[in-house]
Amino acid sequence: NAGVTQTPKFRVLKTGQSMTLLCAQDMNHEYMYWYRQDPGMGLRLIHYSVGEGTTAKGEVPDGYNVSRLKKQNFLLGLESAAPSQTSVYFCASSYRRTNNEQFFGPGTRLTVL
Amino acid sequence: AQRVTQPEKLLSVFKGAPVELKCNYSYSGSPELFWYVQYSRQRLQLLLRHISRESIKGFTADLNKGETSFHLKKPFAQEEDSAMYYCALRVGNTGKLIFGQGTTLQVKP
């Protein structure tokens with residue numbers, strides 16, 4: 001099993017450009033999450049999904065959109081990138097049960113110039 | 001407000017010394033707390049959860065509801081313990097986690 005994978009690993013964008021980050025999991029998890037990691041801020045939840053076709057906002061959703069058309073995939077979109085979105089983005093997934101462990105992807109390092 | 005605070009950005013100790021990484025939380029409900037660890041060039045992974053009351057790699061953490069704390073402890077640090085440690089609080093019933101700012105543990109030889 002590959003677990004949680006993220007594409008791409010690195011990306012550099014110019015302000016105003018758009019892009020989509022792809023997260024895929026092969027563990028049949030119901031829940032999926034997108035976080036951003038910034039120095040001194042820890043991980044902050046951007047959006048999450050509790051099942052195929054559903055999405056919800058997390059702590060810092062502004063400037064991002066998500067979609068979960070298939071259970072195994074969770075896409076994070078930036079419609080018009082800003083320098084403030086320079087960060088490392090992590091995807092995670094988990095089973096739907098109490099006290100569930102989240103399994104994380106390797107991260108995507110995004111720089112917006 | 002729901003919040004997790006890790007007051008130390010960096011904790012540096014010598015090999016064999018005791019370690020305590022502090023975590024305090026603020027939550028009106030019944031808390032479920034976790035410690036996650038990120039070793040160099042590896043992905044973030046679960047270290048332990050309070051409900052299991054387990055010891056993993058020599059680490060333990062006790063939930064103290066009176067002090068709203070969940071400090072991570074190890075009696076004798078090893079060099080391989082060097083990593084970034086995050087305390088996390090589960091909120092609601094959708095598995096959402098609120099993370100602290102993280103503490104980098106540096107174990108010197």
Side-chain angles (χ1 to χ4, degrees), chain A residues 1-7 9-10 23-25 27 29-51 54-61 66 68 74 87-109, chain B residues 1-10 21-27 29-54 56 61 63 70 72 83-104:
Chain A
N1 286 355
V4 180
T5 58
Q6 292 182 231
T7 309
K9 289 186 170 56
F10 305 94
C23 175
Q25 53 94 4
M27 296 174 282
H29 286 167
E30 294 88 355
Y31 294 174
M32 295 187 76
Y33 314 85
W34 275 108
Y35 295 92
R36 57 177 291 173
Q37 182 187 45
D38 302 291
M41 307 282 284
L43 278 80
R44 292 179 293 168
L45 183 66
I46 305 171
H47 286 280
Y48 65 100
S49 167
V50 298
T54 73
T55 62
K57 294 180 180 180
E59 300 172 70
V60 288
V66 287
R68 187 141 179 230
F74 194 28
S87 186
V88 181
Y89 291 85
F90 287 99
C91 177
S93 69
S94 68
Y95 285 114
R96 180 181 59 214
R97 64 166 186 248
T98 302
N99 205 35
N100 47 358
E101 171 184 357
Q102 289 190 14
F103 293 84
F104 283 80
T108 295
R109 186 173 294 275
Chain B
Q2 303 157 349
R3 187 168 56 245
V4 176
T5 303
Q6 294 178 248
E8 301 139 330
K9 271 190 178 179
L10 172 67
L21 287 80
K22 291 183 167 45
C23 172
N24 289 92
Y25 67 90
S26 173
Y27 186 53
S30 183
E32 292 182 42
L33 286 146
F34 304 80
W35 277 99
Y36 279 79
V37 61
Q38 188 174 27
Y39 300 103
S40 179
R41 291 185 291 279
Q42 294 187 28
R43 57 185 73 190
L44 199 65
Q45 59 188 285
L46 178 68
L47 179 62
L48 54 79
R49 64 195 94 187
H50 92 266
I51 200 166
S52 302
R53 303 180 68 83
E54 56 201 345
I56 302 292
L63 177 61
F70 187 55
L72 184 68
M84 173 72 88
Y85 291 80
Y86 289 101
C87 182
L89 167 70
R90 181 173 176 270
V91 297
N93 58 2
T94 57
K96 288 191 298 181
L97 293 175
I98 293 178
F99 285 85
Q101 301 92 325
T103 298
T104 299

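Every chain is numbered from 1 and lettered A, B, ... according to where its sequence line falls, protein lines coming before strand lines.
Leu43(A) approaches Tyr86(B) most closely through the heavy-atom pair CD1-CZ, 3.6 Å.
Side chain of Gln102(A) to main chain of Gly95(B): a donor-acceptor pair is present (N/O by atom type, distance under 3.5 Å, no hydrogens or angles).
Once rounded to the nearest 0.5 Å, the distance linking OG of Ser94(A) with CG of Leu97(B) reads 8.0 Å.
Applying the ring pair (Phe, Tyr, Trp, His ring centres under 6.0 Å) test to Phe103(A) and every residue at least two apart in sequence or in another chain returns His29(A). Partners of Lys22(B) according to the side-chain hydrogen bond (donor to acceptor under 3.5 Å, both in side chains) rule, which considers only residues two or more places apart in sequence or in another chain, are Glu20(B).
Of the listed residues Gly100(B), Ala88(B), Gly102(B), the one with more heavy-atom pairs under 4.5 angstrom with chain A than any other is Gly100(B). The choice from Tyr33(A), Phe90(A), Phe104(A) that makes the most heavy-atom pairs within less than 4.5 Å of chain B is Phe104(A).
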Criterion side chain to side chain contact (heavy atoms under 4.5 Å, CB included) on Val4(A) and Arg43(B), from CA distance to verdict
CA-CA 10 Å; Val4(A) 180; Arg43(B) 57 185 73 190; 4.3 Å; yes
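The part of Leu45(A) that comes within reach of chain B is its side chain, from C-beta onward, which places non-hydrogen atoms under 4.5 angstrom from that chain. Looking at Gln42(B), there are no atoms closer than 4.5 Å to chain A (heavy atoms on both sides), in backbone or side chain.
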